[in-house]
Protein chains: 2
Amino acid sequence: MTEAVPARPRRSDATRAAILRAARARFAADGYDRATIRAIAADARIDPSMVMRYYGSKEGLFAAAAEFDLRLPDLTQVPPDRLGEALVRHFLNRWEGDETLAALLRAASANPGAAERIRHIFTDQLSTAVATFGTDPATTGRRAGLVASQILGLALTRYIVRLPPVVAMPPAEVVAWVGPTIQRYLTGRPEGEGPC
Amino acid sequence: MTEAVPARPRRSDATRAAILRAARARFAADGYDRATIRAIAADARIDPSMVMRYYGSKEGLFAAAAEFDLRLPDLTQVPPDRLGEALVRHFLNRWEGDETLAALLRAASANPGAAERIRHIFTDQLSTAVATFGTDPATTGRRAGLVASQILGLALTRYIVRLPPVVAMPPAEVVAWVGPTIQRYLTGRPEGEGPC
DNA sequence: ACCGTATGCCAACGCGTGTTGACATCGCAA
DNA sequence: TTGCGATGTCAACACGCGTTGGCATACGGT
């Protein structure tokens, strides 16, 4: 609600986009602290001062570069017993082509804002999705948290730490192994909770 | 094989220990880049140059501070259907009292050596433990990797990102939810693999 | 053709960093 | 007591960082 201008193309849009692209790559590869404005500017083939002009500060640049939407699909169309499988497949696809989440994850260790961002993404976006499954609303938060722990753990070991067995696993096998885990977190119940 | 001296106490052992304690705390709280030698030295109430004298460099200090042993218990004593539960419980206990793993995890984003260290820990120590279960040796690496993905994901969401629902979950409930996941990664089979 | 503005480059500032070497002090052995 | 290495302090260096302001140039409306 701050700007009502619908689409005013600026001559510098190409530069802005180049900066953002370089920033995402550097933040994803090096983390927040190691990714320097000078390096990002060099990648984008412009002067470091341009970054300041267009994004105000390094924090501002990161905030712009780390805009991220899980783009969760409409899960009501999916058979209820295939939810975990569908979610894992979706996340794998979502990450392979967009390094924003990797940048966010790397930065979360150094930049408090990045951790907050992740918290929001996986609290708001995931929780609302989980809430549609009709399980006890009191458990929604926990279920979303558990799903996040496995999904982020997968991203961590696959893209940041790069554990060889996890990196080598083909997507189909990841789905076959991790899918049931997510499925149980979404619709199952913990161990030792008595008979059904 | 480099030093045959068994136990030669030095007068500076207290200082060395203070440095190491402060370093672990700072690395865990701030990550590798943000944790400055000056701050660590101030915490330990000594001069920054002492850190250099005793540990050579910031890298050397981190290497010393990030020495970490999973201390996996003897899992052959545990009933085979309680393995997941036992492992999750062990990791929770291991972490609550020792911030080394948190430091390692935070640093993994910025320090390539830290990621390598984690890779070693979870490849060597975990794999050898998994290998004792008699499952097909060809799947040992993958099973260890999957276990690592869930365990590290739990640590990430609980101690680094601090997702509220995961932080709030009492240990017993974490065990009840995550235990079966680890159990399946250890001894189960992926989905859609045909009849038993 | 003109002028205001957007776009871009350059040089520099202040700061905090890891690291170094010179100097003081302590404690133990001879 | 005398010496000597271990321990600790202090000031400084060189470097890279985020950030700033001034200046050249190109564009687009009039």
Side-chain angles (χ1 to χ4, degrees), chain A residues 3 5 7-27 29-66 103 106-107 109-114, chain B residues 3 5 7-27 29-66 103 106-107 109-114:
Chain A
E3 289 283 334
V5 181
R8 174 122 92 83
R10 283 162 301 193
R11 194 152 44 90
S12 61
D13 280 345
T15 302
R16 294 178 129 89
I19 294 176
L20 229 48
R21 202 176 328 123
R24 269 191 267 260
R26 281 284 179 180
F27 282 135
D30 302 338
Y32 182 82
D33 285 323
R34 307 276 252 244
T36 68
I37 288 200
R38 284 167 152 94
I40 293 170
D43 287 356
R45 302 183 184 284
I46 46 97
D47 191 88
S49 63
M50 305 300 303
V51 177
M52 306 304 297
R53 201 200 295 267
Y54 290 142
Y55 295 98
S57 69
K58 189 181 182 182
E59 275 290 341
L61 172 62
F62 179 78
R106 265 230 159 77
S109 303
N111 187 302
Chain B
E3 288 283 335
V5 181
R8 175 123 93 83
R10 282 161 303 193
R11 195 150 44 93
S12 62
D13 281 346
T15 303
R16 294 178 129 90
I19 294 176
L20 229 48
R21 202 175 329 124
R24 269 192 267 261
R26 281 285 178 182
F27 282 135
D30 302 338
Y32 183 82
D33 285 324
R34 307 277 251 243
T36 69
I37 288 200
R38 283 167 155 91
I40 293 170
D43 288 356
R45 303 185 183 284
I46 45 97
D47 191 87
S49 63
M50 302 302 302
V51 178
M52 305 305 296
R53 201 199 296 267
Y54 290 142
Y55 295 98
S57 68
K58 190 180 183 182
E59 275 289 343
L61 173 62
F62 179 78
R106 265 230 159 78
S109 303
N111 187 302

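Lettering of chains follows the sequences in order, A, B, ..., and the numbering in each one begins at 1. These numbers were taken from a predicted model, which means no experiment stands behind them.
Atom-to-atom, CZ of B:Phe62 to P of C:dG18 comes out at 14 Å; the value is rounded to the nearest Å. For the pair B:Ile40 CD1 and C:dT19 P, the interatomic distance rounds to 11 Å; values are reported in whole Å. Here the C1' atom of nucleotide C:dG8 and the CZ atom of A:Arg16 are 13 Å apart, to the nearest Å. One interatomic measurement links the two molecules: CZ of A:Arg53 to C1' of D:dT25, which rounds to 12 Å at whole-angstrom precision. The distance between atom CE of A:Met50 and atom P of C:dA6, rounded to the nearest whole Å, is 12 Å. Rounded to an integer number of Å, the gap from CG of B:Asp33 to C1' of C:dG16 is 13 Å. The interatomic distance linking A:Ile46 (CD1) with D:dT25 (C1') rounds to 17 Å, in whole Å. The separation between A:Tyr55 atom OH and C:dG8 atom P is 12 Å, rounded to whole Å.
In this pair, B:Tyr32 and B:Phe27 present their aromatic rings parallel. The plane angle is below 30°, not in the 30 to 60° band.
The side chain of A:Met52 approaches D:dT20 more closely than any other nucleotide in the set D:dT20, D:dG8, C:dT20. Nearest to the side chain of B:Tyr54, among C:dT17, D:dG8, D:dC17, sits D:dG8. In the set C:dT7, C:dT19, D:dT19, the nucleotide with an atom closest to the side chain of A:Ile37 is D:dT19.
Closest of all the heavy-atom pairs between A:Asp30 and A:Arg106 is C-CD, 4.1 Å.
A:Ser49 comes within contact range of at least one nucleobase, with a heavy-atom separation under 4.0 Å.
Nearest-nucleotide positions on DNA chain C for B:Lys58 and A:Asp47 put A:Asp47 closer to the 5' end.
If you take CZ on B:Arg34 and OG1 on B:Thr36, they are separated by 11.5 Å, rounding to the nearest 0.5 Å.
A:Ile40 has its side chain within reach of A:Leu61: a pair of non-hydrogen atoms, C-beta onward, lies under 4.5 Å apart.
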